[in-house]
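Here the structure is laid out as structure tokens; the discussion comes afterwards.
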Amino acid sequence: MNPLENFRMAFESLWGNKLRSFLALLGIVIGVFAVTAMISLGQMATAGITQDLEAIAGRSIFVQPNFNEGQDFSTAPIREEDILALQTLPASVIPQLFTSAQYEARPGTRRSIQLQGTPGDLPRLDPTNKLARGRYFSQAEARGGLAVAVLSDRAARDLFPGREAVGQVARLFYPNGARLELTVVGVLQPPGGLFGGLGAAATVYVPNELIWNTSPTARKGQYDFVVLSLKKGADARQVTRQVQRIFEGRYGKGKYQIASTESFQDTLRSITLILQALLGAIAGLSLLVGGIGIMNIMLVSVTERTREIGLRKALGATSSQIRQQFLIEAVVLTLVGGLLGVVLAAGLLLLITATVPFFKVFILNPATVLLALAVSALVGLFFGVWPAARAAALDPIEALRYE
Amino acid sequence: MTPVVQMRGVTKVYRSGSGSRTVEVRALAGVDLSIYPGEYVALMGPSGSGKSTLMHIIGLLDTPTEGEYWLGGEPVRGLSEAQLARIRNQRVGFVFQAFFLLPRLTALHNVALPLVYRGLPLAERLKRAKAALEAVGLGDRLDHLPSELSGGQKQRVAIARALVQEPDLLLADEPTGNLDSRSSDEILGLFDALHRQGKTIVMVTHEPDVGARAQRIVRLRDGRVADGGMV
């Protein structure tokens, strides 16, 4: 008897008992649905996180001094000659300064705001910065240390509530009281995505030169932070190693902290992978329960069809043919359940992609589908063995006498 | 001529219980029996005489504890379970009192069932099943489910299922036991016709008027052939 014949028989007998077959495979449907959805959601989350991260940070490498305890804030600044060395790499080098300032929110009430020095023309150097209105001060203006500013969306709303910020003069104070009057030339777009909140600080972007000239703490030619916005096709890991070599060669190990969006992504990926594995394992438990359900139904089916088994043996079926028949029935049952589970999972994933903005792409790997189906077939095989063995072991005489 | 069934000193002992409480039941105590091709034999005897056991051994559903049995001239001793199944499929056609049709299958597919285990392609199986159903006068009921057939018709489907195997031996166990007298006559008439066509038939029955239609009656008593063994 060929296996195809067995599959036909399995379908016939399962079809003949539609309600029960459906109830039996429900456990498998839920199990496979859960496993498939978990794995795919994990992959979709990883993709979403990666995309959001790229949207706010691009493909970048960040360098900043490592502030060890007890060490002076300015023991290891980034110097002009370091910037020159970095400019040989395939990336736009954006040296920056950070300091804080205050503004008068209401007469008598001062609030803090972040002041960030940049080399000018930032949207071109790092495309994750997008202008909403106005323009960004040029590199020439920056070098000249002009009193111009570009505001983050939040800063524009804080400094000029209900008014257009471009064209206004922003009045800031350093903590020591020194005044700073800046002409606002542009406002940036608010960052979007999952990490939008991170970039939503109130920041006033001014020329580096201006901070050097006015801040009581900054020293000319020293930077707090460098962003290297990678050019297309540049290998993040390789450039990261080159940056490391430059700083370690000049200052020794451990003085600077060098990170890349790639390394953030790796971390996030490994976190989602662990989550995926955990959730998948929990979902796998429901497959186990589903498998036990299948075994239960198959045992009932064997008992109920005792006379059929006896008859088939009398007509010339061997024990191994009977065993095969029931094993294949169990496998067909779980495979159909697995297929249904995958279809349901695909439906859910499509729905989530369509409705939840964070999940931008629908991911259902063929490998995931294959795994789900293989696992459901294995569940059928595993939990079908015992009922099938009981069927095969039936004595035809007893079986035919069975009422 | 080689007998279809040849038995020498066949005994069957059932043991139940264990240890000192083992109970032995001697269902058959040395049966000698020959049945030749084309014969129509009724196997009769009171209940407990061993006729069911004998039928199971003839049909290879059971094997003797002692003694020799040749089916179609070939010894049965030492055959594996799978070999016995194959021989059952090719040489023995069963007809049961309770019909034993699979309720979800049509008459045609019920009749084709034994041929599944010969590995015949579906089209060939259905062709042969149709011919067998036509031979028992049910050519117009091919697609009926058992639930849509009368008792007599069900038994005719069961007989067609035995005939489709083209067996050496038709083995009928109280085939009219579940039927009213009109259907019984119809079924017994069918067996008469099959006998005239040269089929070898062994029918287990306890009804004398059913037994009377056979060519020879083998009477069992206390696990032995009392009469008609004709060795």
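Sequence lines set the chain letters: A, B, ... in the order given, protein chains first and strands last, and positions in each chain run from 1.
A:R401 and B:H56 get closest at one heavy-atom pair: NH2-CE1, 3.8 Å. Annotation for A:L311 and B:F100: closest pair CD2-O, 3.1 Å, computed over non-hydrogen atoms. For the pair B:L61 and A:A314, the tightest heavy-atom approach, listed with the atom from each and the gap, is CD2-CA, 3.8 Å. Taking each heavy atom of A:L315 and B:N89 in turn, the nearest pair found is O-ND2, 2.6 Å. A:A317 approaches B:A85 most closely through the heavy-atom pair O-CB, 3.8 Å.
The part of B:R125 that comes within reach of chain A is its side chain, from C-beta onward, which places non-hydrogen atoms under 4.5 angstrom from that chain. B:Q83 does not touch chain A: none of its heavy atoms, backbone or side chain, sits under 4.5 Å away. Both the backbone and the side chain of A:R312 come within contact range of chain B, with heavy atoms under 4.5 Å apart.
Counting heavy-atom neighbours within 6.0 Å of A:D395 CG, excluding the residue itself, gives a total above 12. Dense packing is recorded around CZ of A:F359, with more than 12 heavy atoms of other residues, nucleotides or ligands lying under 6.0 Å away. Remark: B:E66 CD is loosely packed, at most 12 non-hydrogen atoms of other residues, nucleotides or ligands lying under 6.0 Å away. Other residues, nucleotides and ligands contribute more than 12 heavy atoms inside 6.0 Å of the CZ atom of A:F362. Heavy-atom contacts from other residues, nucleotides or ligands closer than 6.0 Å to CZ of B:R221 number 12 or fewer. Within a 6.0 Å sphere centred on CH2 of B:W70, other residues, nucleotides and ligands contribute more than 12 heavy atoms. Enclosure of atom NZ in B:K130 is not indicated, since only 12 or fewer non-hydrogen atoms of other residues, nucleotides or ligands lie within 6.0 angstrom.
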Review point. Given the rule in the side chain to side chain contact (heavy atoms under 4.5 Å, CB included) test, do A:R8 and B:L122 qualify, once you have shown the distances and angles that lead to the verdict?
Key: CA-CA 11 Å; A:R8 192 196 346 246; B:L122 180 66; 3.3 Å; yes
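The line from CZ of B:F94 to NZ of A:K313 is 13.0 Å long, rounded to the nearest 0.5 Å. Annotation: the span from A:M9 atom CE to B:L105 atom CG amounts to 9.5 Å, rounded to 0.5 Å.
Side-chain contact between A:T318 and B:R86: absent, with no pair of heavy atoms (C-beta onward) separated by less than 4.5 Å.
Annotation: maximal heavy-atom pairing with chain A below 4.5 Å, among B:S80, B:P114, B:P103, occurs at B:P114.
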